[in-house]
Amino acid sequence: MFLSIDAGNSNVVFGFFDDQLKEWIKILRIDTKKSFNLLALEKTLGLFFLENEMSSHEVHQIGFSTVVPELERTIFQLCQNFFDQDPYVINGRSYQKLSIHTQNPYEIGSDLMANMAAAYQKYQQACIIVDFGTALTFSTLDKSGIVISVNIVPGIKTALHSLFSNTAKLPKVKMEMPPSVLGKNTVESIQTGIFYGYSGLVKGVLQAIKEETKTEYKVIATGGMSTLLTHLKDSFNLIDEKLTLEGIKLITTLNTGVK
């Protein structure tokens, strides 16, 4: 099995790819906001492997992407202790063998580069990848695989957290679409404002990119929140929640030569 690790601000995602089945067979998501240390990670992974009748020895290669520098040492140690191997850590030097190109390899997050690498390998055309994570990002590639833009705004969960953390009387609400755009109570009012507001934001940014570049794109949604905005589905050609994991695998195998 190949293991992709995507360590972000909100979650660390472990994706296990079966080489024989040619598919992602298991996904483990761990909240980085809670207690996050080496011992806890090893315990969580151990239980996960036990419950799924898996062995750490089945993992032959690990690719690791993180946008949180303080997580790197812990994850690296986890791979050494639990899997008895070093992960390949994606960095600004990792993109030279890709079909996509950027002038700012050390400025763009490795998760976004993984998204774009996977999308372009699959579709070989101009793409916009909308990643619904801690930040909401729009990564744009032209038909030649050149990175022409990255747009970043606070993510939905980030906006909700900021709202109830910085106001005295507004409550924390569930991350779910309200039944109507018309908020009938405080909870629905917050949900309608956030979810329909972000829907308009997504449509507006996509339209602005298309109009300025005069280009039609394959628009791909990904990230943990990508399935929540159900009424946005017509804005995307597809939703691919495993796109980042696939990009991490692609970048790792290109740089290590191991498949």
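We number each residue from 1, following the sequence as shown.
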Looking only at heavy atoms, the pair that brings W24 and S4 closest together is CH2-OG, 3.4 Å
Side chains of N115 and T244, donor plus acceptor under 3.5 Å = yes
Would you say N237's side chain and V219's backbone share a donor-acceptor pair under 3.5 angstrom?
-> yes
Crowding at NZ, K122 (>12 non-hydrogen neighbours, <6.0 Å) | yes
Aromatic plane relationship, F2 with H60 - under 30° parallel, 30 to 60° tilted, over 60° perpendicular = perpendicular
Heavy-atom check, side chain of T32 versus side chain of V68, under 4.5 Å = no
Cluster overlap M54 with L41, hydrophobic side-chain contacts below 4.5 Å = yes
Give a yes or no on whether the backbone of S144 and the side-chain of D142 come within a donor-acceptor separation of less than 3.5 Å.
-> yes
Look at the side-chain heavy atoms of Ile, Leu, Val, Met, Phe, Trp and Tyr, link any pair under 4.5 Å apart, and say whether I5 and F17 land in one connected group.
-> no
Looking only at atom types and distance, does a side-chain atom of N104 sit under 3.5 Å from a main-chain N or O of E107, one as donor and one as acceptor?
-> no
May I ask you to check whether F49 and F82 place their ring centers less than 6.0 Å from one another?
-> yes
Kindly work out whether a path of hydrophobic side-chain contacts (I/L/V/M/F/W/Y, heavy atoms less than 4.5 Å apart) joins L160 to L232.
-> yes
Taking all atoms of both residues into account, what is the closest heavy-atom pair of P105 and G92, and its distance?
-> CB-O, 3.5 Å
So which heavy atom on H101 is nearest to which on L98, and how close?
-> CE1-O, 3.7 Å
Q121 side chain to A117 backbone, donor-acceptor under 3.5 Å | no
Candidate pair M116 and I108, rule side-chain contact (heavy atoms from CB on, under 4.5 Å), full reasoning | CA-CA 11 Å; M116 290 185 282; I108 299 178; 4.3 Å; yes
Any donor-acceptor pair under 3.5 Å from Q77 side chain to T74 backbone = no
Taking all non-hydrogen atoms of both residues into account, name the closest pair between G155 and Y198 and its distance.
-> O-OH, 3.4 Å
Do Q61 and T252 get their side chains close enough for a donor-acceptor pair, meaning under 3.5 Å?
-> no
Pairwise side-chain contact, F48 with F16, heavy-atom cut-off 4.5 Å (strictly under) | yes
Sub-3.5 Å donor-acceptor pair from the side chain of N255 to the main-chain atoms of S94, do we have one?
-> yes
What pair of heavy atoms forms the shortest contact from E216 to A126, and how long is it?
-> O-CB, 4.1 Å
Output for pair (I251 CD1, F64 CZ), nearest 0.5 Å, gives 13.5 Å
If we only count heavy atoms from C-beta on, is the M1 to E58 side-chain gap below 4.5 Å?
-> yes
Rounded to the nearest 0.5 Å, how far apart are CD1 of I220 and CD1 of I128?
-> 10.0 Å
When rounded to the nearest 0.5 angstrom, what is the spacing between CD in E51 and NZ in K26?
-> 10.0 Å
Kindly say whether P179 contributes a backbone atom to a donor-acceptor pair with the side chain of Q191 at under 3.5 angstrom?
-> no
Are the side chains of L141 and I100 in touch, meaning some heavy atoms are under 4.5 Å apart?
-> yes
After noting the C-alpha distance and the side-chain angles of L45 and L28, does the key distance pass the side-chain contact (heavy atoms from CB on, under 4.5 Å) rule?
-> CA-CA 8 Å; L45 266 180; L28 171 64; 3.7 Å; yes
Using a cut-off of 6.0 Å, state whether more than 12 heavy atoms not belonging to N185 lie near its atom CG.
-> yes
Honestly curious: do Y120 and I146 fall in one hydrophobic cluster under the side-chain, below-4.5 Å linking rule?
-> no
Counting only N and O atoms by type, is there a donor-acceptor contact under 3.5 Å from the side chain of D18 to the main-chain atoms of E23?
-> no
Between T134 and S10, a side-chain donor and acceptor under 3.5 Å | yes
Roughly how far apart are I248 CD1 and D111 CG, rounded to 0.5 Å?
-> 8.0 Å
Can the ring centres of Y217 and Y123 be said to be less than 6.0 Å apart?
-> no
How long is the gap from NE2 on H161 to CD1 on I156, to the nearest 0.5 Å?
-> 16.0 Å
Yes or no on side-chain contact (heavy atoms from CB on, under 4.5 Å) for T137 and I129, after CA distance, side-chain angles and deciding distance?
-> CA-CA 8 Å; T137 60; I129 300 96; over 6 Å; no
When rounded to the nearest 0.5 Å, the distance separating NZ of K210 from OG1 of T140 is 10.5 Å
Honestly curious: do L112 and F138 fall in one hydrophobic cluster under the side-chain, below-4.5 Å linking rule?
-> no
Distance-only, no hydrogens or angles: does the T222 side chain make a donor-acceptor pair with backbone N or O of D240 under 3.5 Å?
-> yes
Answer yes or no: is there a donor N or O on one side and an acceptor on the other, between the side chain of N11 and the main chain of V13, under 3.5 Å?
-> no
Donor on one side chain, acceptor on other, N151 and S149, under 3.5 Å | yes
Closest heavy-atom contact between L206 and S235?
-> CD1-O, 4.0 Å
Audit row: I27, L245, side-chain contact (heavy atoms from CB on, under 4.5 Å) steps and yes/no | CA-CA 10 Å; I27 305 291; L245 300 176; 3.4 Å; yes
Decide yes or no for S65 and Y88: does some side-chain heavy atom of the first lie under 4.5 Å from some side-chain heavy atom of the second?
-> no
Tell me, yes or no, whether the heavy-atom count around E212 atom CD, taken from other residues, nucleotides or ligands under 6.0 Å, exceeds 12.
-> no
